[in-house]
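No experiment lies behind these values; they were computed from the predicted model shown. Here is the naming used below: chain letters follow the sequence lines, and residue numbers restart at 1 for every chain.
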2 protein chains.
Amino acid sequence: MTRLTRDSIVTTAIEVIGKHGSEQLSVRRLGEAIDADPTAIYRHFRSKDELLRAIGDRCLIGVTDDLPTTSWRECIRELCIRIRAANLAQPALATLVRGAPPRHDNERRITETILARLGEAGFDSAAAAFAYHALIELTIGSAAIDSSLASEDSAARARIYAEWRSDYAALDAGMFPRSVGGAASLYPGTADDRFAYALDRLLDGLAGTLS
Amino acid sequence: MTRLTRDSIVTTAIEVIGKHGSEQLSVRRLGEAIDADPTAIYRHFRSKDELLRAIGDRCLIGVTDDLPTTSWRECIRELCIRIRAANLAQPALATLVRGAPPRHDNERRITETILARLGEAGFDSAAAAFAYHALIELTIGSAAIDSSLASEDSAARARIYAEWRSDYAALDAGMFPRSVGGAASLYPGTADDRFAYALDRLLDGLAGTLS
DNA sequence: ACCCTTTGTCAACGGTGTTGACATCTGTGT
DNA sequence: ACACAGATGTCAACACCGTTGACAAAGGGT
């Protein structure tokens, strides 16, 4: 590493996250991986928060590329699924979660794409704004909830879900009849399936306001 | 404070959060508020995480009380709004976000209530499970996104939203035409309004699967 | 060759959650 | 009433964390 740049730091930061998990990313650990003094990072980023945002944006690279052009619903659906996947990969950073408006290019492109497709679909700019916020809230929420298990493989996840189902089944049937009775149905499919279902129902509701 | 208990610790912890903000709650600060050695907390909670979960559950007290009985939609709508409000008040802890199944009474009552109303509405247990997860994901996501501004008062929030709108308006109109054109419409109403809109559209979509 | 800005290094500050050893207080059985 | 045992509070310390300021080496422009 002859010379440090914002890009090179972000790159090795993502490597570190991939190896040790995102909550293990500390300035000191990153300094070690980067083979430089930890505080050298502060020559390129004002704070760790700024670094995290840059990492987050890097994860969103290409997220708006080659989206389906068949319909606005298909396009937005695919985009939201990709956003969630990117946020799942790097849970702790959760770029969009900070609530602040996009300050990086990839984030900006997301907003633009969603607003554009909604506009073409017939939403006026007020309705498009509400719809945009609704979609982002659901997408981020799903990522936040599922991120705790994102690092496990699918077999482990299935085992954990089974465990949780039996937790519900073991509740007092007098007090929690529906939880006990429906325990076998909880956590259906994969987390991806559940998100896709929620997203489709939200898109149903949004489409319903058009007619 | 003659004697420390789990309940008394949680109570003063919530006071501290109310006064200094939730991210300012440290074991040492809590120890000061509790007028005891900080480490005394570890006699009652295995870890700070366990304490946070207890605080989270305390915030959900009464969340399932006196819900509307007019319709399943009204009932679930109100419950989700309350859950979000509780999570907004204590952002950092984000009880339900951990993705784990409810381990405390108030959390369990939420699941039971939602499943019960959905069941009565005509959802079979598989559909009810999908709908339950969809509602929780949206509710948590909205809370996560809005929590960063929850500590500001409404005037400050309005000012910040105006700032963000002008950020969008200042983008390159050639590259981001919809963001620039629709900037004035972004962040419409209050965060509560935006969540209510999203929730209503999701409920629309869910109701649509019934017929 | 000069200066000046940028970049990396080092020591340190104030903060965090947590642990282990020690003392004290409290309740129970005899 | 006494002694024992467990629960509870105190204290010092550990291993981290993000961040700052002073200092040295490097690099480019005039």
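Qualifying side-chain contact (heavy atoms from CB on, under 4.5 Å) partners for B:Pro177, counting only residues two or more places apart in sequence or in other chains: A:Glu112. By the salt bridge (Lys or Arg N to Asp or Glu O under 4.0 Å) test, A:Glu74 pairs with no residue at all, sequence neighbours left out.
Backbone-only contact: B:Ala36 has heavy atoms under 4.0 Å from sugar-phosphate atoms and none from a base.
Of the residues listed (B:Trp164, B:Tyr161, B:Tyr187, B:Tyr197), the one engaging A:His133 in a ring-ring contact (aromatic ring centres under 6.0 Å, His included) is B:Tyr187, and it is the only one.
For the pair A:Ala54 and A:Arg6, the tightest heavy-atom approach, listed with the atom from each and the gap, is CB-NH2, 4.5 Å.
Atom CD1 of A:Ile41 is separated from atom P of C:dG8 by 10 Å (rounded to the nearest Å). Protein atom CD of B:Glu32 is 17 Å distant from nucleotide atom P of D:dG9, rounded to whole Å. What separates CG of B:Asp37 from C1' of C:dT18 is a distance of 12 Å, to the nearest Å. For A:Leu4 and C:dT9, the CG to C1' distance is 12 Å, given to the nearest whole Å. A:Ile9 places its CD1 atom 10 Å from the P atom of C:dT7, with the value rounded to the nearest Å. Distance CG (A:Leu30) to C1' (C:dG8): 14 Å, rounded to an integer number of Å.
Distances shown here put a side-chain N or O of B:His44 below 4.0 Å from the OP1 or OP2 atom of D:dG9.
Using a 4.5 Å cut-off on side-chain heavy atoms (C-beta onward), B:Arg43 and B:Leu4 make no contact.
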statement: Contact string for nucleotides 16-26 of chain D, one letter per nucleotide 5' to 3', B = base within protein heavy-atom range under 4.0 Å, S = sugar-phosphate only, - = neither, reads -BBBB-B----
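Atom CG of B:Asp66 sits in a sparse spot, with 12 or fewer heavy atoms from other residues, nucleotides or ligands closer than 6.0 Å.
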